[in-house]
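Below: one structure, written as structure tokens.
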Amino acid sequence: MAAHAATGAKTATNDVSHKRRKGPGALATVYLVIYNVVMTAGWLVIAVGLVRSYLAKGSYHGLYYSIEKPLKFFQTGAVLEVGIVPSSVVLTGFQVMSRVFLTWAVTHSVREVQNEDSVLLFVVAWTITEIIRYSFYTFSLLNHLPYLIKWARYTLFIVLYPMGVTGELLTIYSALPYVQKTGLYSITLPNKYNFSFDYHTFLILTMISYIPLFPQLYFHMMRQRKKVLGHLEEHSKNE
Amino acid sequence: SWYNSCISGFRNPPSPYVILPPVPVKRPKPAKKAKKAVVFFEVEILDAKTKDKLCFLDKVRPPPRVCVHPQWYPARQSIRLDPKGKSLKDEDVLQQLPVGTTATFYFRDLGAQISWVTVFLTEYTGPLIIYLLFYFRVPFIYAPKYDFTTSKHWVVHLACMCHSFHYVKRLLETLFVHRFSHGTMPLRNIFKNCTYYWGFAAWMAYYINHPLYTPPMYGEQQVTIALMIFLFCQIGNFSIHIALRNLRPPGSKTRKIPYPTKNPFTWVFLLVSCPNYTYELGSWLGFTMMTQCLPVAFFTFVGFVQMTVWAKGKHRSYLKEFRDYPTLRSPILPFIL
């Protein structure tokens, strides 16, 4: 959920101040470029997989299965970037954790939701966002960032972010009855550690947490957009 | 006089100012009769962020004390020599600061403040009451058939006594033992702290007093040992608090190296900078063992992490301040942390 907003925000600040910051060393730069290229490629594979599957099936239902493995692989692989990319560790960590949670603890764990259209909704949102985001990082590292990529990064989120959040919330919501019925990931009393955990309630609380978090991140991205893209409009006026 | 020029110049201040009439605020220094020629100071106060000139005074007669425009009470003001530097203290006197005869101070508003005593009393009274609500099984917590019943396990009664004793001890220490360096902290801290203490107290109390509570695996043996550990550490913790209090005469804010006293519980000062935290950890480990309850273990762990952060900070500031600080000491765990 926090995906698009968080890293976008921080890198915008870096864009503005990149001249003042010291860049990573040569070896680190090579590693980062390779990482970002691989991730861009990975999400492109997912995108292509979705399109091919859609064309083959003739409908957009049940496309999850065609990209299940690369989705799990590349989304989980994103844990490597926590603390590496030029965003705060807290923000990156939080967003990667929430993505991984949705991928494994909801979609993978509750088989019955895998056919839902809401899954396609967030997968498409994530795919487009990540392709743009990783190519943004790649080009930035090579100091050759096309304006189109920068524009896309700070504009498309306006639609993609709510789209992704909607998909995520609907997916969690559709998982609720199955979690309650099977007692998935839940511990009941009595037990010798005197502890209990109700995954069903936990999921509801997770959904509620979107209410304070989503607007904050969304409007933060909006402000970053004005800073990054507004700045360029002024610049071109002065020329 | 300078006082009149200050007041008349800023009769309708557009923003809050720091004014320097000779009204004592915290601890007024006794007025000294100057026998030789008096040196006058010029003082200007700038806003730390915008560098706007807030107030300028010439002919400030030492020793001046800082007073305020009513809404910006003293505890909320940070006056410093450098915009990013540390705040000056109430006791600092203008003549003794490293300024020339024209002193430039920077003002920062610390935001709404609340006294440490108030925060401590509030954050400790909560757990005391909340735990008892669960112990007495007031309605709407557990199933209705259990309302106002008592647990059949004697360890549950013991746990309630220990938990209550712990927080009563803390309240009494706040009122009668501790001597605080700072009077106040930011207001938002009370919400943060109370959420932590009250939240964890409710979480622990829910399970310990639950009708389906399972007593410890090793029964009476386990509980007895746990109780010994708990009591030992409570006495230890109290001893350290007394020792720290005795380092500091009433009303003073001096800092000294703590040393072991005649009380054997303080001998741990030989190995540790903050034994009060060491004993606190021990108490909660004892309580965890006594109740064999995972939420209690979580609470112990989180508290340990926070206390370690504090202990390391305190240890570092001891090392910075005292050249002869004993090298054998670790922040919180002997030889380990």
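Order of the sequence lines sets the chain letters (A, B, ...), proteins ahead of strands, with each chain counted from 1. Every value quoted in this text rests on a predicted model; they were computed, and no experiment measured them.
Annotation: L27(A), atom CG; neighbour count of heavy atoms from other residues, nucleotides and ligands within 6.0 Å does not exceed 12. The local environment of OH in Y218(B) is sparse, with at most 12 non-hydrogen atoms from other residues, nucleotides or ligands closer than 6.0 Å. Crowding of K312(B) atom NZ: a count of heavy atoms from other residues, nucleotides or ligands under 6.0 Å not exceeding 12. Sparse packing is recorded around CZ of F238(B), with 12 or fewer heavy atoms of other residues, nucleotides or ligands lying under 6.0 Å away. By the 6.0 Å contact criterion, CZ on F197(A) is enclosed, its count of non-hydrogen atoms from other residues, nucleotides or ligands being greater than 12. A 6.0 Å sphere centred on CH2 of W203(B) holds more than 12 heavy atoms belonging to other residues, nucleotides or ligands.
Residues Y213(B) and P190(A) are not in side-chain contact: their nearest non-hydrogen atoms beyond the backbone lie 4.5 Å or more apart.
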Audit row: H210(B), L189(A), side chain to side chain contact (heavy atoms under 4.5 Å, CB included) steps and yes/no: CA-CA 9 Å; H210(B) 200 283; L189(A) 289 175; 3.4 Å; yes

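Within residues 219-231 of chain B, no residue has a heavy atom under 4.5 Å from a heavy atom of chain A. Applying a 4.5 Å heavy-atom cutoff, none of the residues of residues 171-184 of chain A approach chain B.
Between Y206(B) atom OH and F195(A) atom CZ the span is 11.5 Å, to the nearest 0.5 Å. Of the inter-residue distances, the one linking L294(B) atom CG with Y193(A) atom OH reads 8.5 Å to the nearest 0.5 angstrom.
Looking at N194(A), its side chain does come within 3.5 Å of a backbone N or O of Q292(B) through a donor-acceptor pair.
Considering every non-hydrogen atom in both N191(A) and T214(B), the closest pair reads O-OG1, 3.2 Å.
A donor-acceptor contact under 3.5 angstrom links the side chains of Y207(B) and S196(A), judged on distance only.
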